Amino acid sequence: MTTKTTSKKCAHCLLDVKENSAIKIEQDGEILYFCCHGCMSVYGLIHESGLDSFYIRRSDWKEGGVDSARVSDELFEEDLTEAEGECSIDVVLSGVRCSSCIWLVENFFRKDENVSYVRVNYATHKARVRWKKGAMTLGSVLEKFRSLGYPPMPVNKGGRNSVLEEERKDYFYRFSIGSFFAMNVMLYTFAMYAGYFQGMDEGMKRFFKILSWVLATPVMFYSGYPFIINSFKSVRNRVLNMDVLVFLGSFSSYLYSISAVFSDREVYFDTTCMIITLILLGRFIETGAKLRHSGAVTRLLSYQPQTVRVIHDFDAAAYAEGRLEAVLVPVKSVKTDDFLEVLPGSSVPADGTVVYGESEIDESMLTGESSPVFKTEGADVFAGTANLNGSIVIKCVQAGSGTVLSRIVKAVEEAQAEKAPIQNLADSIVGWFVPTIITIAAATFGWWYFRTGSGLEGLMNAVSVLVIACPCALGLATPLAVMIATTKTASIGALVRSGEVMETLSRINCWCFDKTGTITKGEMKVADVHDFGSNRTLTLAASVERYSSHLISKAVTDYYEGEFLAADNFREIPGNGVEADINGKRIRAGKLKFIAEHADVTTEMRELHDYFSAKGHTVAAVSEDNEPLGFILLSDSVRDEAAHTLKGLISNGCKILILTGDSRKAADKLIDTLGVKGIECMAEVTPFEKAEMIRKLKSEGYRVAMVGDGINDAPALTEADAGIAMGKGTDIAIESADAVLMRSDLSVILKLNKTAKKTFAVIKENLFWAFSYNFIAVPLAVTGKIHPIFSAAFMAVSSLIVVFNSMRINSKG
Amino acid sequence: MEALYLLIPVSLILGAIALGLFLYAGRKGQFDDIEGPKYRMLDDDEDDK
């Protein structure tokens, strides 16, 4: 197959689609192509509402499909407010890509006369809608958003972290008030510097000193309040962190300066102010970066429906006749022995046994097995797995916290609780820096007391050591570098949750990978077509299978690049295959057993089938009436960039381990296909064993990163020093990871690793430059030769160096 | 130079008023969406509903 199909762009989302698999509609004599039914219905809706100009005005539109995340309606209820006969709700919209999206949503709602107010915030994607009470239900408002292709999320879950947001606001006010006073203090301090060189009137000098005192007080006690509180906390916990150093430096200079106002010494109120405001600025930047990226991670989560369909007094015969109606109840109220109806496309709500119906279930998130499992009456199903194509009724065996899924979630939570917080480099330096400075201050006191015999002289010099000790640039050294780094990694396609992850990532020397969905694409691809001579196997199979939404059918239709033949009387037999009439002949495609019921399958064909299966392929047989036509071989294909990425990591001197729940045979085949030397592989491991393995590697001294996508990887992702989830992964995997790959592209890991290394190097340099100020200033303070003007100059220089050095992260190379 | 004893407090009061206005605007949500207005301005068919 070398013919290339023309690729078209989806008329709504601009995604590239193959002409064959695209949905075509004709409108005003023009053929429009769509990637999916979602896009088509959104396009239809926009067209009907007369808002076509949306497609003209979107100049800054970014590509991407319609988001499918669906949050159940009851999660929004707590955000609904009612006042003066009007209802109002705030939601966060996912899928907003450009300013025309805002325009579209606002104009779409404005056309509805029941809506009295609608506003979408461009920066936060938060929408507020008010409508006449009783005119619309909350559900219908949410449905309007969904129908436009912008699934709403509750404000508290929709990617906004309210705790962080509050913290950021708090830092903002403390910083802005602090900087106002600090700038005024600097103004008078500069006047006093000028006075140092040119001479100054005594009265005026005292006036300036008192002014500085007055202005520095709110900075010390209002803006500096978080540092005061935190340093008391940290002393109580016997850990010295940066807050202690900040408090020590700012408060000692504040007290020293007050005493200086009444004696003839120089005041250091500017030091108090600069330390506090600059470090607040760093904190403000840090929370901003955290908020943005952890928010984006939360937006990836889809949140499972919270209601299940329960059938009371289940009776198979009555159900088959349609006499039994399912009732919607919250998932929490499900008990053992309840009968639950699971519709196609929804996920199984509890562990149980199938009592009616048959369907194929995708269990990949639990077992890592990529092909769906056929379940019929008597088979066990597990909560969290996806029901693909048939409607089934299950009898609940384990609900709530007893399910396999809940046990995994619990393991994740336990691991999270046990995981020691990563101490960042700045804090660990401060840990020994503070005691050192206090020792130097004590020594200074002793030396001056011994030399001059004056306790006051000794005390003043000792305090000036403490005053000089805290470098302003320290507050900026890490946050600035982390902010620039996270922005950079976001642009290459990886979201990093916090700055500490950067430090950890740079030191990883063992990478563990999950197999299905991580190293492989986790989806079926046609590997080969084995034809018995007619050369029509693929054409006929694809023409029939395009009517089915089964994974295998989709793979075959995607692979086929020619014209489809007309087919009718299509029928899908779950667990077996599909059939339809083409040119008056019955075409069947599916399992060999299913084909053999209608066609004459020879022994050689069966042997060939077993041979292909043993090689790890999934085999779809195709027949025309009673004549077998051939086999289509499918397998889960390895990501194109996987081998390159693994090679890159090995050449960095890292150990590579693949952990899979699949069979040994499948694992060996994977190693073969990858063709990279030095990869270790563990097969047939349970989710808990994966985490156990990582714990073992850690105890052997490795610093371990885990890359995975499924529920079965979640405990391992949490256990690892750095957990990286694939963006298409399951909610639990994304939630337990420290970083998320937005595109399912493994090569991002190499870039991420490189950026992390560079960032860590820059942080180290920044800390060096921040402390370099101390190398000069502290000796001056010890000898009693320090003057505020020197300390201010050194501080400014080291801060500037830190800022410019951080910029280097963004440069190429 | 005696004028400074008056002028500096005056300048501080004026500055404090400006700071107060800024904080007031911030709390009222004036800076919540700093990206949107520049695009909204270009939408000619917007009615004030």
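Throughout, protein chains are lettered first and strands after them, A, B, ... in sequence-line order, and every chain is numbered starting at 1. All figures in this text were calculated on a predicted structure; none of them were measured in a lab.
- Of all residues in residues 187-199 of chain A, those placing a non-hydrogen atom less than 4.5 angstrom from a non-hydrogen atom of chain B are A:Tyr188.
- Contacts between residues 205-213 of chain A and chain B, defined by a heavy-atom separation under 4.5 Å, are made by A:Phe207, A:Phe208, A:Leu211.
- If you measure heavy-atom distances from A:Asn184 to chain B, the contacts under 4.5 Å come from the side chain alone.
- When the shell of 6.0 Å around OH of A:Tyr225 is examined, it contains 12 or fewer heavy atoms from other residues, nucleotides or ligands.
- With sequence neighbours excluded, no residue forms a salt bridge (charged side-chain N to carboxylate O under 4.0 Å, His left out) with B:Arg27.
- Close approach to chain A, defined as a heavy atom under 4.5 Å from one of its heavy atoms, is seen in B:Leu19, B:Phe22, B:Leu23 of residues 17-25 of chain B, taken by number.
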